Amino acid sequence: MAVSNVVMVMGFMLCTAMAASKFDDVVQPSWANDHVIYDGDLLMLKLDSSTGSGFASKNKYLYGKATADLKLVPGDSAGTVTAFYMSSEGDNHNEFDFEFLGNKTGEPYLVQTNLYINGVGNREQRMDLWFDPTTEFHTYSVLWNPQQVVFLIDDSPIRVYSNQESKKGIPFPKDQPMGVYSSIWNADDWATEGGRVKTDWSHAPFVSSFRDVKIEGCVWGEEGAEFESERKRCSESEWGKEGRYWWKEKEMEMLSVHQSHQLLWARSKHLVYDYCSDPARFPVKPLECGH
């Protein structure tokens with residue numbers, strides 16, 4: 001029996017080490033490390049009544065694509081939010097958000113996307129998902145290049161923010177390196193039905209599971225690197241130490257015809273809120289709306 005127990009413990013430690021090594025080159029726990037769990041080939045973020053948890057990328061990037069294979073909290077997830085996002089630092093930061101808003105058992109998840117540009121957000125859009133994101137893994141990505149920011153689900157675009165800065169004077173995120181992050185936390189003051197439905201802690205812990213986190217981008221230099229040289233390298237080069245900067249190639253500057261059809265389908269069938277169509281919040285429509 002003692003030998004059997006030793007074998008079981010060694011097997012568990014090996015599985016944990018394999019999962020950790022799979023993610024270690026890309027991300028690391030950023031808060032509540034004891035709630036960031038490696039299980040088999042999965043990385044899991046746990047929320048209970050004491051705390052949520054999160055991870056952050058080990059590098060920052062100027063342009064590229066960040067992708068997560070993610071399975072969301074099953075069952076009654078009301079009040080919880082799982083986020084996958086890119087963000088720079090400081091009061092005038094840029095940020096691209098996926099926020100998955102939990103709901104009562106049997107009700108659909110909502111995904112909220114948002115962009116902060118030079119510290120200004122309030123660009124929320126919400127969609128209901130056309131699948132159950134708790135039973136299987138799905139792929140959520142942000143593609144960022146000098147011409148557009150694209151939010152994708154299973155490689156289908158659901159939102160595009162195009163660069164209209166030179167033509168229309170509309171701000172575009174272009175010169176702040178960004179990290180990649182994920183977190184889970186209690187947001188029952190707003191997340192589910194405007195805060196009317198609260199988190200039921202009898203269902204805790206709430207766990208979101210990651211099968212993979214992949215970041216392809218221009219890695220910003222070490223702390224102290226000269227800003228302008230790094231900006232030019234990532235903005236103007238076609239190749240670098242990371243290889244070919246495919247995310248900046250001509251065909252990535254706009255959606256293909258097929259992708260445009262996918263975008264129209266997703267938005268016509270599943271968009272439930274758009275800040276561009278909310279005159280109560282924005283009596284004067286924001287400049288980027290309609291572009």
Side-chain angles (χ1 to χ4, degrees), residues 26 57 61 63-74 77 81-87 94-103 107-117 123-164 172-173 178 180-182 208-217 244-277 288-291:
V26 184
S57 61
Y61 304 83
Y63 303 126
K65 186 178 183 182
T67 300
D69 287 349
L70 170 61
K71 184 162 62 174
L72 296 172
V73 176
S77 57
V81 172
T82 301
F84 178 67
Y85 62 103
M86 300 182 70
S87 182
N94 299 326
E95 186 173 328
F96 315 140
D97 296 334
F98 274 109
E99 292 179 315
F100 302 95
L101 313 183
N103 217 329
E107 296 294 322
Y109 257 86
L110 294 179
V111 56
Q112 175 170 283
T113 58
N114 196 6
L115 295 96
Y116 286 76
I117 302 173
R123 296 179 174 89
E124 299 91 346
Q125 295 181 356
R126 291 185 181 184
M127 306 180 81
D128 56 29
L129 293 172
W130 50 96
F131 52 85
D132 185 345
T134 71
T135 58
E136 295 180 350
F137 287 91
H138 290 268
T139 303
Y140 306 92
S141 305
V142 178
L143 170 70
W144 173 36
N145 62 40
Q147 298 304 317
Q148 59 181 356
V149 178
V150 185
F151 294 82
L152 305 105
I153 297 179
D154 293 331
D155 287 328
S156 295
I158 64 164
R159 182 175 185 177
V160 176
Y161 187 90
S162 299
N163 187 347
Q164 297 285 325
F172 185 82
M178 305 176 80
V180 178
Y181 305 88
S182 184
S208 286
S209 303
F210 293 80
R211 185 171 60 185
D212 196 15
V213 177
K214 184 177 182 180
I215 309 170
E216 299 173 274
R244 180 171 58 91
Y245 291 172
W246 62 265
W247 50 89
K248 296 196 306 168
E249 293 182 347
K250 192 70 175 177
E251 60 266 28
M252 307 305 294
E253 292 182 354
M254 59 188 301
L255 300 184
S256 68
V257 172
H258 178 62
Q259 287 177 319
S260 296
H261 291 162
Q262 291 176 316
L263 177 67
L264 288 172
W265 176 86
R267 296 179 70 79
S268 65
K269 299 292 186 181
H270 297 281
L271 185 67
V272 298
Y273 175 80
D274 184 354
Y275 76 107
C276 288
S277 303
E288 67 268 17
C289 294
H291 296 281

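Below, each value reflects all heavy atoms present in this structure, side chains not excepted, and no hydrogens, waters or symmetry copies. Since this is a predicted model, take the numbers as computed values, not measurements.
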Measure the acute angle between the ring planes of F210 and F84, then classify it against the limits of 30° and 60° as parallel, tilted or perpendicular. tilted
Among residues at least two apart in sequence or on other chains, which ones pass side-chain contact (heavy atoms from CB on, under 4.5 Å) with [X]?
| X | value |
| --- | --- |
| L264 | none |
| Q125 | T113, R159, R267, L271, D274, Y275 |
| V149 | F96, L115, V142, W144, F151, Y161, F172, P173 |
| P157 | V150, L152, L255, Q259, Q262, L263 |

Quick one, E99 with L101, criterion side chain to side chain contact (heavy atoms under 4.5 Å, CB included). Give me CA distance, side-chain angles, the key distance, then yes/no. CA-CA 6 Å; E99 292 179 315; L101 313 183; 4.3 Å; yes
For residues 128-156, the salt bridge (Lys or Arg N to Asp or Glu O under 4.0 Å) pairs (sequence neighbours left out) are K65-D155
Using the test ring pair (Phe, Tyr, Trp, His ring centres under 6.0 Å), find all partners of [X] that sit at least two apart in sequence or belong to another chain.
| X | result |
| --- | --- |
| W265 | W130, H270 |
| Y116 | H93 |
| H138 | F131 |
| Y61 | none |

Taking all atoms of both residues into account, what is the closest heavy-atom pair of [X] and [Y], and its distance?
| X | Y | result |
| --- | --- | --- |
| S208 | T82 | OG-OG1, 2.8 Å |
| A266 | M127 | O-CE, 3.1 Å |
| S209 | F137 | O-CE2, 3.4 Å |
| M178 | N94 | CE-O, 3.3 Å |
| Y140 | P133 | OH-CB, 3.7 Å |

Check for a donor-acceptor pair, side chain of N103 on one end and backbone N or O of P108 on the other, with a separation under 3.5 Å. yes
Check: Q148 side chain, L143 main-chain N or O, donor-acceptor pair, under 3.5 Å: no
Going through the checks in order, is the side-chain hydrogen bond (donor to acceptor under 3.5 Å, both in side chains) test met by Y109 and S77? CA-CA 9 Å; Y109 257 86; S77 57; 3.2 Å; yes
About how many Å separate SG of C276 and CD of E288, when rounded to the nearest 0.5 Å? 6.0 Å
Sequence neighbours left out, cut at 3.5 Å: what donor-acceptor pairs do the side chains of residues 66-73 make with other protein atoms?
{"unit_1": "T67", "atom_1": "OG1", "unit_2": "S141", "atom_2": "OG", "d": "2.9"}
{"unit_1": "D69", "atom_1": "OD1", "unit_2": "T139", "atom_2": "OG1", "d": "2.7"}

Taking the side chain as C-beta and beyond, is there a heavy-atom pair between N114 and Y85 under 4.5 Å? no
Report yes if some heavy atom in the side chain of S256 is under 4.5 Å from a heavy atom in the side chain of E251; otherwise report no. no
List in chain and number order the residues that pass side chain to side chain donor-acceptor pair (under 3.5 Å) with E249, two or more places apart in sequence or in another chain; answer none if no residue qualifies. R244
K250: which residues meet the salt bridge (Lys or Arg N to Asp or Glu O under 4.0 Å) condition with it, sequence neighbours left out? E253
